[in-house]
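Heads up: the structure comes next, in structure tokens.
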Amino acid sequence: MPEPKVLPIAARAAGCPFDPAAGLYEIQKEDALPRVKVPSPLLGEFDAVAITRYEDAKSALSDDRLQMGFVFDPDQPRTMLNQPGNLLNYNGADHSRLRRMLTGTFTIKRVRSLRPMIEGIVEARLAALEEAGQGADLVTVFSTPIPTQVICELLGVPYEDRDDFQRRAKVGLDVNTTFEEQIQNLKDMDAYMSTLVAAHREEPGDNLLGGVVRDFGAELSDDELVGIGNMLLIAGHETTASMLSASAALLLENPDQLAIMRDEPEAVDGAIEELLRYIAPATIMPRQAAEDFCLRDGEVIKQGERVVVSILVANRDPNSSDRDLDVLDVRRPPQPHVTFGYGAHQCLGQQLARMELRVALPALFNRFPGLRLLDQDQKIDYRTTALVFGVNKLPVAW
């Protein structure tokens, strides 16, 4: 039997960071489900079944026989994938129990009520960008502070703590850190989040974490509340910050697409969906089989086998559309994607992420209609090896 290929955790094409690596397209064409080796900073290198087709991705992510596989083990070192309260570490009834405590906060109606707060934050960051002047880094002045301030408002994080809060979130998603660094970083996150939980236990704030404490605090341990807070921090901050930066970079490189985002308000919702599909910032979604079962035409996945879904290439599966999905087209008719996952573990905060993108991107290009890269010859510093794809720096002028 041939040795399984290594599937890099950020498998994007060399020189074309928005495109899947050629190897992903190759295994997408294989008749049998391929086995690959997946490198991971938290789990080490592990063998897994690679899911690269859109319909297979939906089937896998909605099948409760494929579980998250990171059930909390108190005898192992504490990591983001081994922490109580983190929805990623639960399956079945335990997952449903925790998820229902948070669902009410992320309904479409509730998220719409947050729009004025988000618009205020975006306006403040646009003013900060103008004040920073020509050559300002869009990532540090605009893209990152917006979701940081939104999630801090939702968790009740004091303004003076936000830089450290943001730094710890970034380390938590950096695949270039060591296992030891990840453990220490989580200790720091736990220590800080414990102070927030204690404050909310004393006097629940009028925010997301305060609401969970007020409504469900008697059912949750402090350890679970800390895990919930850490999960919301990571999920609600880094992915949206990365989408804002990557979307801005991509649109600056495609001025015809940028013009549609800037000049056609009625096209914005569809454009955001296309950007989410095309960029797909979350690289892979892992699962583990709880029992033997068939996923595709008699293809057996054995109990205990790990499975990784490549979101990026599943969103480009040519069998899921009669149009070329490797082309960015913000006027494209709605094209389903799995950027937010699928099934029971589908991203809880996806409506909030969409709202932040819908407010921030048109506002950016309308405030600065001449926005451009500071140096037209500059190579954009993409973050291609992180768990969440994005841009490290994006100096701009207008």
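The model shown is predicted, which means the values in this text are computed figures rather than measured ones.
Between His345 and His95, the angle of the ring planes lies from 30° to 60°, which puts this pair in the tilted group.
Relative to the ring axis of Phe389, Arg383 does not place its NZ or CZ within 45° and under 6.0 Å from the centre.
Between the side chain of Arg306 and the backbone N or O of Ala48, no donor-acceptor pair lies under 3.5 Å. Remark: side-chain polar atoms of Asp63 are paired, donor with acceptor, to backbone N or O of Arg65 under 3.5 angstrom. A donor-acceptor pair under 3.5 Å is absent between the side-chain atoms of Gln351 and the main chain of Phe106, judged by distance alone. No donor-acceptor distance shorter than 3.5 angstrom exists from the side chain of Arg323 to the backbone of Pro333, with no hydrogens or angles considered. Judged by distance alone, with hydrogens and angles left aside, the side-chain atoms of Gln350 form a donor-acceptor pair with the main-chain N or O of Cys347 at under 3.5 Å. Using a distance-only test at 3.5 Å, with no hydrogens or angles considered, no donor-acceptor pair links the side chain of Thr144 to the main chain of Thr140. Judged purely by atom type and a 3.5 angstrom limit, Asp317 has no side-chain atom pairing as donor or acceptor with the backbone of Arg53.
Ser221 has its side chain within reach of Glu224: a pair of non-hydrogen atoms, C-beta onward, lies under 4.5 Å apart. At least one side-chain heavy atom of Leu328 sits under 4.5 Å from a side-chain heavy atom of Leu275. Residues Leu138 and Ser245 are not in side-chain contact: their nearest non-hydrogen atoms beyond the backbone lie 4.5 Å or more apart. Side-chain atoms of Ile228 and Met101, non-hydrogen and from C-beta on, never get closer than 4.5 Å to each other. Looking at Leu225 and Leu196, their side chains never come closer than 4.5 Å, going by heavy atoms from C-beta outward. Side-chain contact between Leu232 and Leu154: absent, with no pair of heavy atoms (C-beta onward) separated by less than 4.5 Å. Considering only heavy atoms from C-beta on, Val122 stays 4.5 Å or farther from Glu119 through its side chain. Counting only heavy atoms from C-beta outward, the side chains of Arg296 and Glu55 never approach each other to under 4.5 Å.
Inspection of the Asp64 and Asn91 side chains reveals no N or O donor paired with an N or O acceptor under 3.5 Å. For the residue pair Thr339 and Asn315, a side-chain donor N or O sits within less than 3.5 Å of a side-chain acceptor on the partner.
Between Arg167 and Asp164 there is a salt bridge, since at least one side-chain N of the basic residue sits less than 4.0 Å from a carboxylate O of the acidic one. Note on Arg168 versus Asp188: no salt bridge recorded, every NZ/NE/NH1/NH2 to OD/OE distance being 4.0 Å or above. Between Asp381 and Lys393 there is no salt bridge, since no side-chain nitrogen of the basic residue lies less than 4.0 Å from a carboxylate oxygen of the acidic one.
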Please assess Asp161 against Tyr192 for the test side chain to side chain donor-acceptor pair (under 3.5 Å), listing each intermediate value before the final yes or no. CA-CA 9 Å; Asp161 295 342; Tyr192 182 78; 2.6 Å; yes
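Applying the salt bridge (Lys or Arg N to Asp or Glu O under 4.0 Å) rule to pairs touching residues 338-354 yields Glu273-Arg354, sequence neighbours excluded.
In terms of heavy atoms, Glu299 sits closest to Arg35 at OE1-NH1, 4.4 Å.
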